[in-house]
K.L.:
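The structure's right below; bear with me while I get my questions together.
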Amino acid sequence: MSKKYYLTTAIAYTSGKPHIGNTYEAILADSIVRYKRLEGYDVRFQTGTDEHGQKVEIKAEEAGITPKEFVDKVAGEIKDIWDLVGTSYDRFIRTTDPDHEKQVQKIFKKLYEQGDIYKGEYEGLYCTPCESFFTEAQLVDGKCPDCGREVKPAKEEAYFLKLSKYEDRLIEHINSHPEFIQPESRKNEMMKNFILPGLQDLCVSRTSFTWGIPVDFDEGHVVYVWIDALSNYITGLGYDVDGDSDELYKDFWPADLHLIGKDILRFHTIYWPIMLMALDIPLPKQIFGHPWLLQGDDKMSKSKGNVLYADDLIKVFGVDAIRFFVLHEMPFESDGTITVELIVERINSELANTLGNLVNRTISMSNKYFDGIVEDMGVEDEMDAEYKETILNAQKKASECMESLHVADAITEVFNLFKRCNKYIDETMPWALAKEEDKQDRLKTVLYNLFEGITIGASLLEPFMPETSKKILEQINAQPRAFDDMEEFGKYPSGNKITDSPEILFQRLKLEDIEL
């Protein structure tokens, strides 16, 4: 039986079209699951949309349509963008899906019946965009600590989840599972700012709007975002409160990784684990709060007018160039930057020069000297050993980076392989060998070694740049190399015929020609 791996992204809120910063998470998740598949895992990848709440109700009213019509349109846009950037999800869950809604009602009822949810009254300061209540002490300069907008006093009857009851158990779990919250700096922040000062019970129902899953035993109440949205990670696997869960749930829960933005870490590391403890369900193995992708030095926001959208960028630069950029430029912990200038610079230096040029000139030399027939004549030189070692080490190095979710570093390792191939061309000087009659077999061996290196590199590139990987392998007439076969040099079939008309993978760009 193959090893199982279950990864989820946060579900995107359907208040509007996602920008490239939101889309980054879907691309990051996709690169991780594709790499896991390459390693031989049986993967389950879930993403989707969070569709209830006051904000949606207001936006739908402004648009003159029903909330359901509004979320159908926005969820469709989000799904289209996720598909456009090549995310290979197994389920795109929507919180308006009937199977999800039914289980959320059952979860709420169970928690109420066992005394983990109780009825009370909420009075506090409310931020409508964040759909969150805050105490005076939590405000920053009198405004919402999450988004910086105005908060208003609000009071309403509500149900509450007893966070305080599970506080000690949560602290014990975090302390005894150091890998549970990553990166480490975010874990320390959560403990210091939110958990150790003492947990307040959480408001989990609302009466001030109607667009939500009804609490089926108390008319007028709708289930609030936390229980509704967070439950998707188990409902999407067919979890059933009454014990009649699908095989998917039995196979894939607990999740190996919840991949989320650092701004929603609190909900995933406090509210979600406590909900699971109350339901007597195992906790996910890891929650990773990734950094933000900034436009210049600023967080992207529609109100600032500094938003870049994935579909606009892809029209100009192509899917894989954008995937490469966001994956390669995002650090592990600190925020990354995206600008058109930086994209152009990276495309020219890494994609056109390092990768595109390598593939193009290797194919061109093979066609020029041997009519595109690639043969290993076994004529080795002392410089070959170190070259081969570098090629064969790339997979191991990339895998170590991926294991700790250092995705940008993994891509760097793959590009180090391509750089080593370029250096090998400079060292062996095929153009000089071509002029000497007695060096033809050595020249054939050099070109063979290059095609072998490119095959391994292109196969390792697939999780990050799937289209480019496929194009390279097609041009050199090679099959994707299986993960275990990357530890042995010389699997490229000797006598293979490559394409006689190589396609330029990435054109060099001029900044002044770019129109977004």
K.L.:
Show the numbers, then the answer: is there a side-chain hydrogen bond (donor to acceptor under 3.5 Å, both in side chains) between Asn449 and Tyr387?
P.N.:
CA-CA 9 Å; Asn449 289 345; Tyr387 163 77; over 6 Å; no
K.L.:
Please verify the inter-ring angle class for Trp272 with His258; under 30° counts as parallel, over 60° as perpendicular, anything in between as tilted.
P.N.:
tilted
K.L.:
What pair of heavy atoms forms the shortest contact from Ile81 to Ala310, and how long is it?
P.N.:
CG2-CB, 4.0 Å
K.L.:
Do Lys187 and Gln182 have side-chain heavy atoms sitting under 4.5 Å apart?
P.N.:
no
K.L.:
Looking just at side-chain N and O atoms, do Ser399 and Tyr35 make a donor-acceptor pair shorter than 3.5 Å?
P.N.:
yes
K.L.:
Enter the distance from Ile514:CD1 to Glu341:CD here, rounded to the nearest 0.5 Å.
P.N.:
10.5 Å
K.L.:
Donor-acceptor pair, distance only, cut-off 3.5 Å: does the side chain of Gln46 make one with the backbone of Asp90?
P.N.:
no
K.L.:
Ile322 and side chain to side chain contact (heavy atoms under 4.5 Å, CB included): which partner among Leu327, Ile314, Leu308, Ile347?
P.N.:
Ile314
K.L.:
May I ask you to check whether Phe415 and Phe418 place their ring centres under 6.0 Å from each other?
P.N.:
yes
K.L.:
How many angstroms lie between CD in Glu172 and CG in Leu170, if you round to the nearest 0.5 Å?
P.N.:
10.0 Å
K.L.:
Kindly indicate whether the side chain of Asp263, heavy atoms from C-beta on, has any atom under 4.5 Å from the side chain of Asp146.
P.N.:
no
K.L.:
Are there over 12 heavy-atom neighbours, none belonging to Met383, within less than 6.0 Å of that residue's CE?
P.N.:
yes
K.L.:
So, the side chain of Asn22 versus the backbone of His19: is there a donor-acceptor pair under 3.5 Å, distance only?
P.N.:
yes
K.L.:
Which residue, Asn496, Thr455, Thr499, forms the side chain to side chain donor-acceptor pair (under 3.5 Å) with Asn477?
P.N.:
Asn496
K.L.:
Taking side-chain hydrogen bond (donor to acceptor under 3.5 Å, both in side chains) as the definition, give me every residue that meets it alongside Arg44, ordered by chain and number, with sequence neighbours left out.
P.N.:
none
K.L.:
Which of parallel (below 30°), tilted (30 to 60°) and perpendicular (above 60°) describes Phe451 and Tyr492?
P.N.:
parallel
K.L.:
I need the minimum non-hydrogen distance between Ala410 and Cys401, along with the two atoms involved.
P.N.:
N-CB, 3.6 Å
K.L.:
Under 4.0 Å between a side-chain nitrogen and a carboxylate oxygen: does that hold for Asp97 and Arg91?
P.N.:
yes
K.L.:
Go through it in stages, so that I can follow the logic: the residues are Tyr13 and Ile264, the test is side-chain contact (heavy atoms from CB on, under 4.5 Å), and I'd like the CA-CA distance, side-chain angles, deciding distance and then a yes or no.
P.N.:
CA-CA 12 Å; Tyr13 194 55; Ile264 55 171; over 6 Å; no
K.L.:
Taking the side chain as C-beta and beyond, is there a heavy-atom pair between Asp320 and Ser469 under 4.5 Å?
P.N.:
no
K.L.:
What are the two closest non-hydrogen atoms of Ile260 and Ala10, and how far apart are they?
P.N.:
CG2-CB, 3.9 Å
K.L.:
Heavy-atom count around Glu179 CD within 6.0 Å, excluding the residue itself: above 12?
P.N.:
yes
K.L.:
Quick one: does Thr95's side chain have a donor or acceptor within less than 3.5 Å of a partner on Asp50's backbone?
P.N.:
no
K.L.:
Could Glu247 and Lys250 be called an ion pair, given the rule that one side-chain N must be under 4.0 Å from one carboxylate O?
P.N.:
yes
K.L.:
Just by distance, do the side chain of Tyr448 and the backbone of Gly490 share a donor-acceptor pair under 3.5 Å?
P.N.:
yes
K.L.:
Assess the pair Phe288 and Phe332: is the distance between their ring centroids shorter than 6.0 Å?
P.N.:
yes
K.L.:
Does anything in residues 505-516 form a side-chain hydrogen bond (donor to acceptor under 3.5 Å, both in side chains)? List the pairs, not counting sequence neighbours.
P.N.:
Asn353-Arg508
K.L.:
Are the side chains of Leu351 and Thr468 in touch, meaning some heavy atoms are under 4.5 Å apart?
P.N.:
no
K.L.:
Determine the minimum heavy-atom distance between Ser2 and Asp42, stating which atoms define it.
P.N.:
OG-CB, 3.3 Å
K.L.:
State, yes or no, whether a side-chain contact exists between Gln286 and Leu405 at a heavy-atom distance under 4.5 Å.
P.N.:
yes
K.L.:
If you count the non-hydrogen atoms of other residues, nucleotides and ligands that lie under 6.0 Å from NZ in Lys388, is the total more than 12?
P.N.:
yes
K.L.:
Could you check whether any side-chain N or O of Asn348 sits under 3.5 Å from a backbone N or O of Leu509, counting only pairs where one atom can act as donor and the other as acceptor?
P.N.:
yes
K.L.:
Hey, does Tyr233 have a side-chain heavy atom less than 4.5 Å from the side chain of His268?
P.N.:
yes
K.L.:
Can you see whether Asp384 engages Tyr424 through a side-chain donor-acceptor pair at a distance of less than 3.5 angstrom?
P.N.:
yes
K.L.:
Pick from Thr49, Thr47, Asp30, Thr87: which one makes a side chain to side chain donor-acceptor pair (under 3.5 Å) with Trp82?
P.N.:
Thr47
K.L.:
Would you say the side-chain atoms of Thr14 pair up with the backbone N or O of Ala75, donor to acceptor, closer than 3.5 Å?
P.N.:
no
K.L.:
Looking at Arg34 and Glu39, is there a salt bridge between them, counting it only when a charged N and a carboxylate O are closer than 4.0 Å?
P.N.:
no
K.L.:
Are the side chain of Arg323 and the backbone N or O of Phe464 linked by a donor-acceptor pair below 3.5 Å?
P.N.:
yes
K.L.:
Quick one: does any side-chain atom of Asn360 pair with a main-chain N or O of Ile504 as donor and acceptor, under 3.5 Å?
P.N.:
no
K.L.:
Quick check on Gln479: does its CD atom have over 12 non-hydrogen neighbours (other residues, nucleotides or ligands) under 6.0 Å away?
P.N.:
no
K.L.:
What is the minimum heavy-atom distance between Ser459 and Leu38, and which atoms define it?
P.N.:
O-CD2, 3.8 Å
K.L.:
For Lys470, look at atom NZ and say whether over 12 heavy atoms of other residues, nucleotides or ligands are found less than 6.0 Å away.
P.N.:
no
K.L.:
Return yes if some donor-acceptor pair links the side-chain N/O of Thr9 with the main-chain N/O of Ala26 below 3.5 Å, else return no.
P.N.:
no
K.L.:
Could you tell me whether Arg186 and Glu189 make a salt bridge, using a distance below 4.0 angstrom between a side-chain N and a carboxylate O?
P.N.:
no
K.L.:
Give a yes or no on whether the backbone of Val319 and the side-chain of Glu467 come within a donor-acceptor separation of less than 3.5 Å.
P.N.:
no
K.L.:
Tell me the closest heavy-atom pair linking Val359 and Ile454, and the distance in Å.
P.N.:
CG2-CG2, 4.3 Å
K.L.:
Just wondering, more than 12 heavy atoms not from Lys396 lying within 6.0 Å of its NZ?
P.N.:
no
K.L.:
Check the side chains of Glu386 and Thr390 for a donor-acceptor pair under 3.5 angstrom, ignoring hydrogens and angles.
P.N.:
yes
